[in-house]
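The structure appears right after this line, and notes come after that.
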Amino acid sequence: MKRKLFGLILAASLVVTACSGAGGNASAPKDDSKVASEAGSKEASSSEVTDSKVSPAMKEENATSTDEKKEKFPEFKTTDINGNEVTEKIFADKDITMVNVWGTFCGPCINEMPELQKIYESLPENANLIGIVADVPEGMKDGIDNAKYIEGQTGVKYTNLTLSDSLASFAKRFYAVPSTIFVDKEGNIIGDLVMGADIDAYVANLQKVLTDWKYKE
């Protein structure tokens, strides 16, 4: 009871709302993601220009502008729930890393973890999957023990990070868990933000980079 209460209090301070329902989908965030995606598509189509009307200089300027808009995953230093030190360098050796932000208080987060493990096991050499436990601060023994217990119950083998000070400000952006982003080897956040438990969306984002990868359920 003490662990659960602490997790809920900390989650509130991080502006993180637990998903409800046994199915595991967060309906409101999922709709927001869809609206954002549709808005982005309309904006992109309205700003299309044919090559014949664009000078090489303009093309270079547009490419530079696009690169500048890429958001970087912040530099960080933390430990995983087994006490191993981890930094942003974890992204450097993989073309894409799926980052799943979850909470020990969140039923849908836990319910999807066996499926996430299947994704992890099926990934090729140039891809990875990690988790960030949003309600377990670095060094909090009770929280770490709870996260380890959940790992054991769900069969998860991928790395799960505790929430250090350098990760806390980043985690505040997610008002619901599970939330999932994708990061390339340069540390750029790529693909679509997925709010809620949505295996199909995870696979679709991974396949944008891993074009030859087919997920076997």
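Counting heavy atoms from C-beta on, the side chains of Glu88 and Val183 never come closer than 4.5 Å. Counting heavy atoms from C-beta on, the side chains of Val136 and Leu163 never come closer than 4.5 Å. Here the side chains of Leu123 and Trp213 are in contact, with some heavy-atom distance below 4.5 Å. Annotation: side chain of Leu210 is in contact with side chain of Pro124 (closest heavy-atom distance under 4.5 Å).
The heavy-atom pair separating Gln117 from Tyr158 by the smallest distance is OE1-CD2, 3.5 Å. Minimum interatomic distance between Pro108 and Ala197 (heavy atoms only, all atoms of both residues): O-CB, 4.4 Å. In plain terms, the two heavy atoms of Pro74 and Phe170 that are nearest each other are CD-CD1, 3.5 Å. The nearest pair of heavy atoms linking Gly103 to Val177 is N-CG2, 4.3 Å. Heavy-atom minimum distance, Gly139 versus Ile144: N-CD1, 4.0 Å.
A donor and an acceptor atom, one from each side chain of Asp80 and Thr159, are nowhere located under 3.5 Å apart. Side-chain atoms of Asn160 and Trp102 form a donor-acceptor pair, as typed in the model, at a separation below 3.5 Å.
From Leu206, atom CG reaches atom CG of Asn128 across 10.5 Å, with rounding to the nearest 0.5 Å. For the atom pair NZ of Lys94 and CG of Asn126, the computed distance is 7.5 Å after rounding to the nearest 0.5 Å. A distance of 11.0 Å separates CG of Leu161 from CG of Asn82, quoted to the nearest 0.5 Å. Note that the OG atom of Ser166 and the CD atom of Glu138 stand 7.5 Å from one another [nearest 0.5 Å]. Atom CG of Asp165 sits about 9.5 Å away from atom CG of Leu167, to the nearest 0.5 Å. Note: Asp135 CG to Asn146 CG = 8.0 Å, rounded to the nearest 0.5 Å.
Dense packing is recorded around NZ of Lys72, with more than 12 heavy atoms of other residues, nucleotides or ligands lying under 6.0 Å away. Heavy-atom contacts from other residues, nucleotides or ligands closer than 6.0 Å to NZ of Lys185 number more than 12.
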**Message:** For Ser179 and Met195: C-alpha separation, side-chain torsions, deciding distance, then whether side-chain contact (heavy atoms from CB on, under 4.5 Å) applies.
**Reply:** CA-CA 5 Å; Ser179 291; Met195 303 291 283; 3.2 Å; yes
**Message:** Quick one, Ile119 with Leu129, criterion side-chain contact (heavy atoms from CB on, under 4.5 Å). Give me CA distance, side-chain angles, the key distance, then yes/no.
**Reply:** CA-CA 8 Å; Ile119 291 177; Leu129 187 161; 4.2 Å; yes
**Test side-chain contact (heavy atoms from CB on, under 4.5 Å) applied to Thr104 and Ile150, step by step** = CA-CA 8 Å; Thr104 60; Ile150 292 169; 3.7 Å; yes
**Asked** Could you go step by step and tell me if Asn205 and Val203 meet the side-chain contact (heavy atoms from CB on, under 4.5 Å) rule?
**Response** CA-CA 5 Å; Asn205 273 276; Val203 172; over 6 Å; no
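If you look at Tyr202 and Tyr215, their ring centroids are not closer than 6.0 Å. Between Phe91 and Phe73, the ring centre distance stays below 6.0 Å.
No donor-acceptor pair under 3.5 Å is formed between the side chain of Asn188 and the backbone N or O of Ile190. The backbone N or O of Ile81 sits nowhere less than 3.5 Å from a side-chain atom of Thr162 that would complete a donor-acceptor pair.
Results of the side chain to side chain donor-acceptor pair (under 3.5 Å) test with Glu112 over Thr180, Thr154, Asn100 single out Asn100 as the only residue that passes.
A salt bridge between Asp192 and Lys208 is present, with a side-chain N of the basic residue lying under 4.0 Å from a carboxylate O of the acidic one. Salt-bridge check for Arg173 with Glu71: passed, with a basic side-chain N closer than 4.0 Å to an acidic carboxylate O.
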